[in-house]
Amino acid sequence: MLKINLVDKEKKLKSGLEIIILDDLNNTKDKKVLKTLNFEAKDECCELLLQSSKIYVGCEANDYDSIAIAVATAIKKFSSTTLKSAKIHLKDTKNLKAVVEGALLADYKFTNYKSEQKKIKKQEFNIVVDEINKKLEDTLNESIIISEAVNKVRDMVNTTPGDFYPEIMAETAKDIAMETELECKILDEKYLEENSMNAMFSVGIASVHESKLIHLAHKPKNAKKKIVLVGKGLTYDSGGLSLKPADFMTTMKSDKSGGCAVLGIAYAVAKLNLPIELHAIVGAVENMIGGNAYKPDDVLTAKNGKTIEVKNTDAEGRLVLADCLCYAQDEIESIDYIFDYATLTGACVVGVGEYTTGIMGNNQKLKQEAVKHALASGEYATSLDFNRFLRKTIKSDVADINNIASTRYGGAITAGIFLDNFIKEENKDKWIHFDIAGPAYVEKAWGYNPFGASGAGVRMTLEFFKNLK
């Protein structure tokens, strides 16, 4: 457990490790030793010099991501020691956010399922600045809350499907609401049936765990904007009757990443008391097989009356999101923005890689803003454009639309186009779809992210919110 302190340079600190970020070997007295160790002033290069109590870490640029990765690399090295404290002299305080978040995100560990639990080490990381002021203290507190939110999401996503099913997701949402004084509403399958949410209801019908519709709300006085977040909360996805190959099932606990991100964002918004009215909606469902499972060839009617021909039961997340998007627009008036988050398509991972979020929608300017804030927050994102020809590929001869396209190409975009069918005309330019299938869960450590869940979506969205006018 890492404790972070902001320290005035005049204060005397007990001896401990000093972390030094280098962009040029010529800037250190230990140049000769570092050269002997083949150290280079490049990203993720790191050396611990115990004799001088220093950790040197390379860094190639002065942007958020480079600084955060450098600090993360050093913190990992520090946490591998038995030393109690480390410090860094921060000359450019504009980098405080990157230093704090890089440290706390790198310090994350998920060991819940290890039979032998190691004793949690209490270590301190002191950030030394020329002078402490309120702006720096606010940045520190904000970055701690953002990191807490990301790590909460990581915990939820990493938890196994046997321990985290729709009811548990709903209980987790209640706990978050209680801690942060959010309004909380949990709706069950009876509600889904009575309100014609047949798409979401059908996906979860074969599971022993009842589907839950989760709705958290943050309603401060004098809110600047009213924003709706919708998350895909597939606590496990077997593929349904269109069963996934065995190798593709082993990471499907991560299919709840979109819903978990929405809960994490709501937590941070409440903790930071941001001046926006936020509605966080999650469709918590388990897609399983059984005699009563929904089937390819079924036609489902969504909440807005659209009929959907099921071509593949493994394209289930978009069915859940469809009804949740309809619910949001029916229940909440005068919405300024609608954002949805989902590990929706393998096609997005193929198209833009496993570290990048695909951002889709009808409003080019809004998509560009979302990409800009994602990159500023340290998350990777790119815009994917709809087009009239791909729209034709989800047309059905039997129903209004198919749940998958008639082409294998552009699958991330056709999934986004499918969701567009459930956005009301007046909200078309207010909506963005975030396909986080790539970065949400990666089976190797990268940057300040560990093996497994990364908490994708949280930082980019909070950065967007902070810059609202």
Side-chain angles (χ1 to χ4, degrees), residues 1-109 111 118-130 147 354-355 378 380 442-452 454:
M1 186 182 295
L2 187 67
K3 182 184 178 185
I4 295 189
N5 305 306
L6 204 56
V7 179
D8 191 286
K9 70 175 183 179
E10 300 299 326
K11 184 178 178 181
K12 289 185 178 180
L13 293 170
K14 292 180 181 178
S15 59
L17 283 175
E18 181 178 3
I19 293 172
I20 299 171
I21 297 175
L22 277 186
D23 59 2
D24 189 336
L25 270 178
N26 292 317
N27 295 334
T28 174
K29 295 176 182 178
D30 292 314
K31 175 182 174 182
K32 188 175 180 181
V33 177
L34 292 173
K35 276 195 169 183
T36 302
L37 294 169
N38 285 322
F39 175 87
E40 294 182 288
K42 293 185 177 180
D43 290 346
E44 299 186 74
C45 286
C46 186
E47 288 294 345
L48 167 59
L49 304 184
L50 275 176
Q51 68 276 19
S52 56
S53 297
K54 292 175 183 175
I55 293 178
Y56 282 101
V57 61
C59 186
E60 296 176 31
N62 194 37
D63 55 42
Y64 172 98
D65 212 35
S66 298
I67 298 293
I69 290 171
V71 171
T73 304
I75 289 297
K76 289 174 188 175
K77 181 69 75 175
F78 168 49
S79 67
S80 71
T81 74
T82 58
L83 296 168
K84 298 288 179 65
S85 69
K87 66 182 177 181
I88 187 170
H89 291 272
L90 189 63
K91 295 175 183 177
D92 187 351
T93 54
K94 288 186 294 186
N95 289 326
L96 178 61
K97 178 180 172 66
V99 170
V100 175
E101 292 175 16
L104 292 176
L105 296 180
D107 189 56
Y108 173 85
K109 295 174 183 65
T111 60
K118 293 181 180 179
K119 187 178 179 181
I120 297 174
K121 290 187 290 187
K122 292 183 179 180
Q123 293 182 308
E124 289 194 0
F125 180 39
N126 296 306
I127 303 173
V128 182
V129 295
D130 287 345
S147 300
E354 58 190 341
Y355 307 113
Y380 297 97
V442 179
E443 291 184 277
K444 56 181 176 289
W446 52 290
Y448 34 74
N449 295 292
F451 173 101
S454 70

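No donor-acceptor pair under 3.5 Å is formed between the side chain of Asn5 and the backbone N or O of Val7. With hydrogens and angles disregarded, a donor-acceptor distance shorter than 3.5 Å links the side chain of Lys121 to the backbone of Thr81. Side chain of Ser454 to backbone of Pro450: no donor-acceptor contact under 3.5 angstrom is found.
By the salt bridge (Lys or Arg N to Asp or Glu O under 4.0 Å) test, Lys94 is found to be paired with no residue, residues two or more places apart in sequence or in another chain being considered. Residues passing the salt bridge (Lys or Arg N to Asp or Glu O under 4.0 Å) test with Asp43: none are found, sequence neighbours excluded.
Nearest heavy atom pair, residue Lys84 against residue Lys122, reads CD-O, 3.9 Å. The two residues Val71 and Val99 make their nearest non-hydrogen contact at CG1-O, 3.5 Å. Scanning all heavy atoms of the two residues, the minimum distance from Gly58 to Ala70 falls at O-CB, 3.8 Å. Residues Leu37 and Glu47 approach most closely at O-OE2, 3.7 Å, considering heavy atoms.
At a threshold of 4.5 Å between non-hydrogen side-chain atoms, the residues Asp30 and Leu25 do not count as touching. Side chains of Tyr56 and Leu34 form a contact here, defined as non-hydrogen atoms less than 4.5 Å apart.
For residues 57-76, the side-chain hydrogen bond (donor to acceptor under 3.5 Å, both in side chains) pairs, not counting sequence neighbours, are Asn62-Asn95, Asp63-Ser66, Tyr64-Glu101, Tyr64-Arg459, Asp65-Tyr380, Asp65-Tyr448.
Atom CG of Leu48 is separated from atom CG of Leu83 by 7.5 Å, given to the nearest 0.5 angstrom.
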